[in-house]
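All remarks here apply to the structure that follows.
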There are 2 protein chains.
Amino acid sequence: MVETNRRAENRYGNRPTMKDVAARAGVGLKTVSRVVNGESGVTADTERRVQEAIEALGFRRNDSARVLRKGRTSSIGLVLEDLADPFYGPLSRAVEEVARAHGALLINGSSAEDPDREQELALALCARRVDGLVIIPAGDDHRYLEPELRAGVATVFVDRPAGGIDADVVLSDNYGGSYTGTAHLIAHGHRRIGFIGDQVGIHTAAERLRGYQAAMEDAGLPVHESWVSSGDTHPERVRKAAESMLTGSEPVTALFAGNNRVTVTAVRVLAGPGHHAALVGFDDFELADLLSPAVTVVAQDSAQIGRTAAERLFRRLGGTPLEAERIELPVRLIARGSGELPPAG
Amino acid sequence: MVETNRRAENRYGNRPTMKDVAARAGVGLKTVSRVVNGESGVTADTERRVQEAIEALGFRRNDSARVLRKGRTSSIGLVLEDLADPFYGPLSRAVEEVARAHGALLINGSSAEDPDREQELALALCARRVDGLVIIPAGDDHRYLEPELRAGVATVFVDRPAGGIDADVVLSDNYGGSYTGTAHLIAHGHRRIGFIGDQVGIHTAAERLRGYQAAMEDAGLPVHESWVSSGDTHPERVRKAAESMLTGSEPVTALFAGNNRVTVTAVRVLAGPGHHAALVGFDDFELADLLSPAVTVVAQDSAQIGRTAAERLFRRLGGTPLEAERIELPVRLIARGSGELPPAG
DNA sequence: CCCACTCTTGACAACGTTGTCCAGGCTCTA
DNA sequence: TAGAGCCTGGACAACGTTGTCAAGAGTGGG
């Protein structure tokens with residue numbers, strides 16, 4: 001009686017177990033296990049009886065118990081910034097596809113760019129004993145993962161290197177892409193070019209800024225301090241930054257936007273009255289080609305990044321011993337028009 | 001020796017357990033459990049010793065074992081069509097936020113609109129013993145979930161009702177939205193309006209088609225058979241459909257696009273030379289306001305849909321007994337210009 | 001006809017955690 | 001100072017599964 005109560009309270013629905021199936025089919029526990037896992041060594045007749053019992057009871061194997069016994073969960077974790085960001089959708093999907101090909105499920109969570117939340121999430125995933133982790137870092141100290149790495153949790157970082165630990169990282173050629181994009185503007189006659197990017201604490205943002213600066217310097221162009229704006233990518237801040245660059249005492253004739261969100265805001269500003277400037281943005285986005293002018297971008301392939309990271313992770317899981325490596329993927333300048341506007345005042 | 005080997009082979013890294021922590025701290029197993037779970041009844045001194053041992057060994061509780069014992073996983077599953085689709089990003093994120101507020105993790109997977117894959121995923125999630133499921137159906141028979149529902153897995157469907165079982169569903173007013181969008185075109189003088197939608201087997205697609213037809217009928221307008229095209233949303237098919245409607249013997253002067261992917265393709269077609277027509281699309285999309293003409297849409301709030309579904313799910317998990325319910329969320333016509341083009345030939 | 005072998009089957013322990021329950025030591029009061 | 005009561009800590013079983021191992025049934029060859 002007490003036993004019954006406890007079960008009814010604690011557990012949902014009191015699901016049938018292999019024991020129940022075994023009892024109903026009149027076979028041993030292990031035989032049920034064999035059938036459920038498609039192992040050999042069960043006669044057709046026995047298997048049929050077991051299958052019938054499974055059907056009748058609506059049995060479904062409890063993977064928690066299985067995991068406990070086997071030590072592998074066949075699931076991997078993905079910590080990203082924001083699932084709703086169009087950059088991460090394809091990335092996440094690509095990771096999922098690779099995981100699926102390896103028979104693994106994907107558990108993911110958004111850090112909302114908060115380092116504490118990143119850590120909380122990553123550790124929660126480790127507590128679930130995911131086999132591996134793909135992390136898009138929000139923070140810059142990942143020593144909290146040391147025990148996990150030692151315990152064999154395969155870990156690959158994406159978009160930015162890990163801080164304080166030695167781990168794989170897959171990222172785009174941010175510096176080179178930014179350099180190329182800026183050079184594109186210079187090649188079309190621009191000499192006063194503004195840069196609006198994300199907070200410099202973020203690795204990608206810093207790299208992209210560096211690429212812009214190098215391109216300017218290599219072209220012998222000065223960079224007026226009012227031409228560089230780094231900070232959060234909130235539309236209002238970006239809008240103000242863009243407007244002051246376009247109307248200041250040293251007005252720019254072109255803008256380089258440090259990421260997709262900045263680019264979109266920049267497009268909106270430039271669509272406003274009286275603002276004419278060329279534009280190149282980092283990250284491609286849907287419909288960029290249909291705007292007028294169509295927006296020239298430095299495109300990174302987020303699906304490719306996700307795929308690369310996930311494949312690396314499964315190679316590690318497969319047992320291949322690998323040194324921590326930095327894998328840099330190329331980016332591609334897609335010229336569509338907005339970068340070719342002449343710097344006519 | 002044999003024991004050691006087995007562990008080293010099967011398990012990753014041989015993580016420390018509470019037993020190891022207990023041994024190192026010189027306390028009992030249960031005391032470690034108490035410290036880890038923040039339970040009372042442990043002196044400050046004992047707690048400190050245990051904490052030190054945890055730090056030193058890099059112990060992290062194994063949630064699989066915990067789940068096995070407790071019967072609840074504090075995780076929910078989300079089965080959607082494609083994480084990379086911009087409609088599902090915000091939805092997924094919203095579900096995640098609600099889950100987070102309830103201390104649960106989100107496991108998600110893409111069905112790729114394949115019913116078999118949907119089932120495979122949903123059942124895999126059930127095997128992990130997720131506490132609840134949010135499903136965007138790809139198939140139309142969900143009786144395979146009956147044992148799970150009986151076992152207490154809270155389940156909420158999104159976007160389309162479940163087939164063959166009695167379950168909650170959260171969806172947009174597809175019929176009404178489509179009716180309103182079509183009526184908007186009619187109000188601006190269009191009499192020959194084409195409809196391009198997804199496969200009619202899909203509930204939302206059928207409802208939207210119905211809305212279009214009703215609006216036409218209520219306005220006393222005939223619907224020429226060549227004006228309706230249903231099928232997959234592959235750009236090439238949509239492009240052909242649109243072009244034949246625009247250039248056929250009964251050319252349309254306006255298009256109603258049944259979902260965001262169709263809308264985008266339609267925009268591309270209309271941007272081509274010689275094609276002039278008004279356009280209203282179902283689903284809003286980023287930058288719709290920056291195109292020329294800006295695209296008028298019937299917008300559904302995917303984040304709101306996700307939030308509503310997840311909240312419903314957690315109310316069920318909280319123990320509130322609820323009848324299966326159909327929750328229909330309103331949609332909103334956002335007039336931006338492309339719907340107001342006059343039907344001038 | 002018996003032995004050796006194979007094939008099927010089931011008993012049992014273990015995975016790492018938490019709930020139950022009891023023991024021992026302490027404090028406080030009469 | 002003895003007894004009652006409280007607080008801390010630990011032994012043990014159980015969660016549902018799988019790996020190990022051994023027993024029993026059946027088969028074929030000598």
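Chain letters run A, B, ... following the sequence lines, proteins first, then strands; residues in each count from 1.
Closest to the side chain of B:K30, out of C:dT17, D:dG10, C:dG10, is D:dG10. Listed nucleotides: C:dG10, C:dT17, D:dG9. Nearest to the side chain of B:F59: C:dT17. You'll find that the side chain of A:K70 is closest to D:dT18, out of D:dT18, C:dT17, C:dG10. With distances taken from any side-chain atom of B:T43 to the nucleotides D:dT8, D:dT17, C:dT17, the minimum falls on D:dT8. The side chain of A:R69 lies closest to C:dC15, out of C:dC15, D:dT8, D:dG10.
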The contact string for nucleotides 23-28 of chain D, one letter per nucleotide 5' to 3', using protein heavy atoms under 4.0 Å with B, S and - for base, sugar-phosphate only and none, comes out as ------
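With respect to B:R160 and B:E81, a salt bridge is recorded, a charged nitrogen being found less than 4.0 Å from a carboxylate O. By the 4.0 Å N-to-carboxylate-O rule, B:E97 lies too far from B:R307 to be salt-bridged with it. Using a cutoff of 4.0 Å between basic side-chain nitrogens and carboxylate oxygens, B:R15 and A:E148 are scored as salt-bridged.
Residues passing the side-chain hydrogen bond (donor to acceptor under 3.5 Å, both in side chains) test with B:D114: none are found, sequence neighbours excluded. Annotation: salt bridge (charged side-chain N to carboxylate O under 4.0 Å, His left out) contacts of A:R48 (sequence neighbours excluded): A:D45, A:E52. Qualifying salt bridge (charged side-chain N to carboxylate O under 4.0 Å, His left out) partners for B:E55, counting only residues two or more places apart in sequence or in other chains: none. B:T308 is linked by a side-chain hydrogen bond (donor to acceptor under 3.5 Å, both in side chains) to B:Q304, counting only residues two or more places apart in sequence or in another chain.
Across the protein-nucleic acid pair, A:L68 atom CG and C:dT18 atom P stand 12 Å apart, rounded to whole Å. Going from atom CE of A:M18 over to atom P of C:dT9 covers 16 Å, rounded to whole Å. As a whole-Å value, the separation of A:E47 CD from C:dT8 P is 11 Å. Rounding to whole angstrom units, NZ of residue A:K19 and P of C:dC12 are separated by 12 Å. Nucleotide C:dT20 holds its C1' atom 14 Å from the CG atom of B:L29, rounded to whole Å. For B:N62 and C:dT18, the CG to C1' distance is 13 Å, given to the nearest whole Å. In this structure, B:E39 atom CD and D:dG10 atom C1' are separated by 14 Å, rounded to whole Å. Taking atom CG on A:D45 and atom P on C:dT9, their separation rounds to 9 Å, with Å as the unit.
Residue A:V36 is classed as having no contact, given no heavy-atom separation below 4.0 Å to the nucleic acid. As judged by a 4.0 angstrom heavy-atom cut-off over every strand, B:T46 is placed among residues touching the sugar-phosphate backbone only. Residue contacts shown for B:N37 are limited to sugar-phosphate atoms, with no base heavy atom under 4.0 Å away.
Of the residues near DNA chain D, B:R129 and B:V27, the one whose nearest nucleotide (by heavy atom distance) lies more toward the 5' end is B:V27.
Between the side chain of B:R34 and the base of D:dG10 there is at least one donor-acceptor pair of N/O atoms closer than 3.5 Å.
For residues 25-42 of chain A, no pair satisfies salt bridge (charged side-chain N to carboxylate O under 4.0 Å, His left out), with sequence neighbours left out.
In this model, the phosphate group of C:dT9 is not approached by any side-chain N or O of A:T31 to a distance below 4.0 Å at OP1 or OP2.
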